[in-house]
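A note on names: the letters A, B, ... follow the listed sequences, proteins ahead of strands, and every chain is numbered from 1.
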There are 2 protein chains.
Amino acid sequence: MIRILLADDEHLIRGALAALLALEDDLIVVGQAATGAEAIAAARALIPDVAVVDLQMPDLDGVTVADRLRVEVPTCRTMIVTSHGRPGHLKQALAAGVRGFLPKTVSAENLAMVVRTVHGGGRYVDPQLAAEAISAGDSPLTAREADVLQLASEGAPIEEIARRASLSPGTVRNYLSAAAGKLGAANRHEAARIARKSGWI
Amino acid sequence: MIRILLADDEHLIRGALAALLALEDDLIVVGQAATGAEAIAAARALIPDVAVVDLQMPDLDGVTVADRLRVEVPTCRTMIVTSHGRPGHLKQALAAGVRGFLPKTVSAENLAMVVRTVHGGGRYVDPQLAAEAISAGDSPLTAREADVLQLASEGAPIEEIARRASLSPGTVRNYLSAAAGKLGAANRHEAARIARKSGWI
DNA sequence: CACTTCAGATGACAGATGTCATGACGGCTT
DNA sequence: AAGCCGTCATGACATCTGTCATCTGAAGTG
């Protein structure tokens, strides 16, 4: 019997997934969480075999949860399900020790199968996401460029970005210019869109 | 027995919702669809009592589907579930004849209850979304302003927006300036963010 | 008809932004 | 030690963008 912890902020989805997994004889949902923090607390208390975590949650994202679980509950294998899978997220997730990564477009049978695979020590990544991740390649941005672009993506003027990043406005412009160049964008806003779409910020 | 059509592009969610609704004695899921077009075709063939439609789908969005169903399958009541409920979407949905509007954070019992309410001729809108919609008010943007802002939201420079909208660059700037003023934004990019968050574009 | 309203356009101006050259510093590699 | 790279900064310049005043033509209204 595989003991599962479910974490997803959407009550409806979480309940529905639980109902779905309950149909499988060898799976049992032992706990549910609506936020990243709850998920970590529940995992510590319940020590599940597998944690099925949504990528987008109000507080911590799924990758952060996976990273913490790897340290705090080492026997728990983590897998992530997501609506909007970006190539960059997949890379981050694998780096955080995630064993399975699936879009929510998969079927229920597939989900159960992957839960078993992950529990058995295997890994599973959705083939389409994997292909996208490979073709998208690594982020060409340096750490600071990504930082600055992250702030720029909210539409703030350069002066505000400079204040929030504790940099001089000139430096901010240099970074944004470099980032836009690397991403083939005409301006920082387009660059921010590209980086976000690829999961690089 | 209430006959239900489910439309959601995420296979996992759709199957899970079906499993969940199947637990209720008076509800039966008679059909499922993964796209807006499929949903309309299925509704025409099956004539369900209630259509439960996701707001975001690859081709047509939930509001468009509702609008078409109202005309093509008048006996079918439509309700919408969504992950990211924006105030503007709620208004559009009600205008399209939608009878129920729920975020996916509701519980399964609530969903079943709302299905019954809608089937009985009633309406149900999530209280929190309703409050947001009322406080957000109507879109202050004119039709053209919204058009231009829509194009601007992709990060394109003004000249490209002008070409795509068949307007002169100067006019585009005027509209964007007016829109930014109305939305209290410092520039068009921030204005686009605000308008998108409110569901106005 | 006179009046108003609105989409669309133009031109001018100031300020914001993108681009480039240049320099300094620290860490890492060879 | 020498060289490369990432980080941070400054200054100059051209261009882009936001703002405003003003104009046109079409449509609607009294």
Rounded to whole Å, NE2 of His189(B) lies from C1' of dG18(D) at a distance of 11 Å
Do Leu5(B) and Val52(B) have side-chain heavy atoms sitting under 4.5 Å apart? no
Classify the nucleic acid contact of Thr171(A) as base, sugar-phosphate or nothing, counting any heavy atom under 4.0 Å across all strands shown. base
Could you give the CD-to-C1' distance, from Glu160(B) to dT17(D), as a whole number of Å? 16 Å
Between protein and nucleic acid, restricted to nucleotides 13-17 of chain C and to nitrogen or oxygen atoms under 3.5 Å apart, what atom pairs and distances do you find?
residue : atom : partner   : partner atom : Å
dT17(C) : OP1  : Arg188(A) : NH2          : 2.7
dT17(C) : OP2  : Ile158(A) : N            : 3.2

side-chain hydrogen bond (donor to acceptor under 3.5 Å, both in side chains) assessment of Asp67(B) paired with Thr64(B): CA-CA 5 Å; Asp67(B) 206 31; Thr64(B) 309; over 6 Å; no
Is there a side-chain polar atom (N or O) of Arg144(A) under 4.0 Å from OP1 or OP2 of dG6(D)? no
What I want to find out is whether Lys182(B) reaches Glu145(B) closely enough, with some N-O distance under 4.0 Å, to be called a salt bridge. yes
Is any side-chain nitrogen or oxygen of Ser168(B) closer than 4.0 Å to OP1 or OP2 of dT10(C)? yes
Atom CG of Leu141(B) and atom P of dA7(C) are separated, to the nearest Å, by 12 Å
In terms of side-chain heavy atoms, does Ser83(A) have a donor or acceptor partner in Glu10(B) at a distance below 3.5 Å? yes
Distances under 3.5 Å between protein N/O atoms and the N/O atoms of nucleotides 20-25 of chain C, please, pair by pair.
residue : atom : partner   : partner atom : Å
dC20(C) : N4   : Asn174(A) : OD1          : 2.9

Does Lys104(B) pair with Asp54(B) as a salt bridge, N-O distance under 4.0 Å? yes
Answer with yes or no whether the side chains of Ser153(A) and Arg196(A) bring together a donor and an acceptor at under 3.5 Å. yes
Output yes when Arg164(A) and Glu159(A) qualify as a salt bridge under the 4.0 Å nitrogen-oxygen rule, no when they do not. no
Taking CD1 from Ile161(B) and P from dC16(D), how many angstroms apart are they, rounded to a whole number? 13 Å
Using 4.0 Å as the upper bound for N to carboxylate O, is an ion pair formed by Arg44(A) and Glu72(A)? yes
Please state how far atom CG in Asp147(B) lies from atom C1' in dA7(C), giving the value in whole angstrom units. 12 Å
The helix from dC1(C)-dG30(D) to dT30(C)-dA1(D): angle between its terminal axes, five pairs each, to 10°? 30°
Under the side chain to side chain contact (heavy atoms under 4.5 Å, CB included) test against Phe101(A), which residue among Val81(A), Leu129(A), Asp126(A) passes? Leu129(A)
OP1 or OP2 of dC8(D) less than 4.0 angstrom from a side-chain nitrogen or oxygen of Tyr175(A), does that happen here? yes
With a 3.5 Å cut-off and no angle check, do the side chains of Thr171(A) and Asn174(A) form a donor-acceptor pair? no
May I ask you to say whether Arg77(A) pairs ionically with Asp49(A), meaning some side-chain N is under 4.0 Å from a carboxylate O? no
